[in-house]
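Here the structure is laid out as structure tokens; the discussion comes afterwards.
Whatever order the structure lists them in is the order used to number ligands and atoms, beginning at 1.
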Amino acid sequence: MAALTAILLGKIATDKTHLPENLMYTQSFNVPDAPGGKTVPLAPSTEDPVLQAAFDTRIDADGRIEPQDWMPDAYRRTLVRQISQHAHSEIVGMLPEGNWISRAPSLKRKAILIAKVQDEGGHGLYLYSAAETLGTSRDQMLEGLHSGRAKYSSIFNYPTLTWADVGVIGWLVDGAAIMNQIPLCRCSYGPYARAMVRVCKEESFHQRQGYEALLVMMSGTDEQKAMVQDAVNRWWWKCLAMFGPPDADSPNSAQGMRWGIKRVSNDDLRQKFVDATVPQAKVLGVTLPDPDLKWNEERQHHDYGQIDWNEFWETVNGNGPCNKERLATRVKAYKDGEWVRDAALAHARKQQARNMKEAA
Ligand code: BYC
């Protein structure tokens, strides 16, 4: 490991843009299904038994469910909940980094950041479209977000204080997102799974651009290095909480896995993220802020310290440092955009009327 790190460090010292392939995530960083997901007994159903049996058979065979297929109401509701929360996370997730577009340190960094933030907007739109195939309108989903009823990822309720935060979000937040989202490419609901393939490819670019920006800062002045370390200290624990509550306190996991929506549990993904990130931190030259973080030979995994779940739930329930600001920004953007939506609709109506007149 020491030799490998030295080689990698040597390479990085001469070529800052050449990243160690085997240490980074890509869409091919596969996380196999957790064993036993399908062994959870089927929940009692009040649905039509023949339709329910056909659905269960398809799920057990790892087949895909498509929008026109029959599905139990509870499956549909779970998907709308998860996909709409995911879409909201992408849209709210544009804000912490968008905050730095006008202050990026160079033209190159600004162009990369604009592209990344636009990608997040695109992810939100694919995901709203995927959720709409389940019969819930975008207006209904947005109303849930704007009224504060709907959830979005806890991670976007923290402030981005320095430029290093932008790099750390790419490295750790997008890194955690990829870890969670690669198994979702195998989700049993077709439109969600297909949207995830493209999302994961784009997230790989996001993670790499963040890591590369940090590598450059870590070869800079002592002040720059301290800025990176400070950002890592502030974001590390929040990224671990992104994966959701511990399996024992996760009310939706067992059923989500039984239906093939979730493929790997919250704790297993969190562990994989820790194991993958430790060598990346070494190459970067930063310390992960956890005195209990150490390799456990017996488990063949890293042990890590206690996550502050009280803080997580406070944030999820609307009391994090930036919750109110994030929601207010989204509501204002929606109101400010009303004239654009009205104009687009008026144009579409005019076009339709003209086409009908021509056809008559
Ligand atoms: N934050 O039973 P559990 C991105 C909620 S954006 C807030 O384990 P489940 C990016 C959970 O919803 C990445 N709430 O639930 C964008 C549930 O509440 P409800 C976003 C959380 O669904 C821009 C309750 O806690 N990714 O990549 O089985 C820039 C109990 O949890 C959180 C996704 O949304 C949290 N962190 O598992 C950069 C992925 N965790 O709904 C990057 C899709 C849990 O019962 N979602 N809760 O009221 C999932 O994979 C799953 O929904 C979760 C939770 C693993 C998040």
Side-chain angles (χ1 to χ4, degrees), residues 25 31 37 77-100 113 116-124 126-127 130-131 144-145 149-158 160 165-187 189 192-193 195-196 199-200 202-207 209-210 235 237-259 261-270 273 307 309 311-318 320 323 326:
Y25 308 106
V31 182
R77 278 198 308 275
T78 295
L79 282 167
V80 171
R81 176 185 66 80
Q82 178 165 329
I83 303 172
S84 64
Q85 284 176 7
H86 194 162
H88 299 327
S89 303
E90 300 281 357
I91 298 296
V92 178
M94 297 168 78
L95 301 175
E97 290 176 282
N99 173 37
W100 278 92
L113 187 57
K116 178 186 191 294
V117 172
Q118 278 180 346
D119 282 353
E120 309 297 1
H123 298 173
Y126 316 143
L127 288 164
L145 175 68
R149 270 187 293 109
K151 290 191 170 71
Y152 59 87
S153 183
S154 49
I155 196 76
F156 302 118
N157 292 304
Y158 298 98
T160 39
D165 289 34
V166 172
V168 169
I169 288 181
W171 175 36
L172 295 179
V173 176
D174 286 275
I178 296 171
M179 195 59 89
N180 163 274
Q181 287 169 189
I182 285 172
L184 292 174
C185 299
R186 301 192 298 275
C187 167
Y189 188 57
Y192 192 26
M196 278 300 112
V199 169
C200 285
E202 292 175 351
E203 299 289 17
S204 303
F205 146 63
H206 299 171
Q207 201 248 4
Q209 66 79 36
W235 288 93
W237 289 103
K238 279 113 181 109
C239 288
L240 294 193
M242 263 178 90
F243 292 92
D247 293 349
D249 304 324
S250 162
N252 302 304
S253 274
Q255 187 61 74
M257 288 178 75
R258 185 67 189 84
W259 277 327
I261 297 173
K262 260 173 119 154
R263 296 284 177 160
V264 187
S265 82
N266 299 358
D267 284 333
D268 285 353
L269 285 174
R270 192 170 6 252
F273 175 71
I307 296 168
W309 291 112
E311 193 215 307
F312 169 77
W313 286 117
E314 274 295 297
T315 306
V316 171
N317 292 327
N323 294 60
R326 299 284 185 247

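Protein residues with any heavy atom under 4.0 Å from ligand 1: R81, Q82, Q85, H86, S89, E90, G93, E97, K116, E120, K151, Y152, S153, S154, F156, V173, D174, A177, N180, Q181, L184, Y192, E203, A241, M242, F243, G244, P245, S250, P251, N252, S253, K262, N266, F312, W313, V316.
K238 pairs by the salt bridge (charged side-chain N to carboxylate O under 4.0 Å, His left out) definition with E311, not counting sequence neighbours. By the salt bridge (charged side-chain N to carboxylate O under 4.0 Å, His left out) test, D267 pairs with R270, sequence neighbours left out. Under the rule for a side chain to side chain donor-acceptor pair (under 3.5 Å), the partners of T160 that lie at least two apart in sequence or sit in another chain are N99.
Between the side chains of Q85 and H88, no donor-acceptor pair is found at a separation under 3.5 Å. For N157 and Y152, the side-chain atoms include at least one donor-acceptor pair closer than 3.5 Å.
Ring planes of F273 and F243: tilted class, angle from 30 to 60°.
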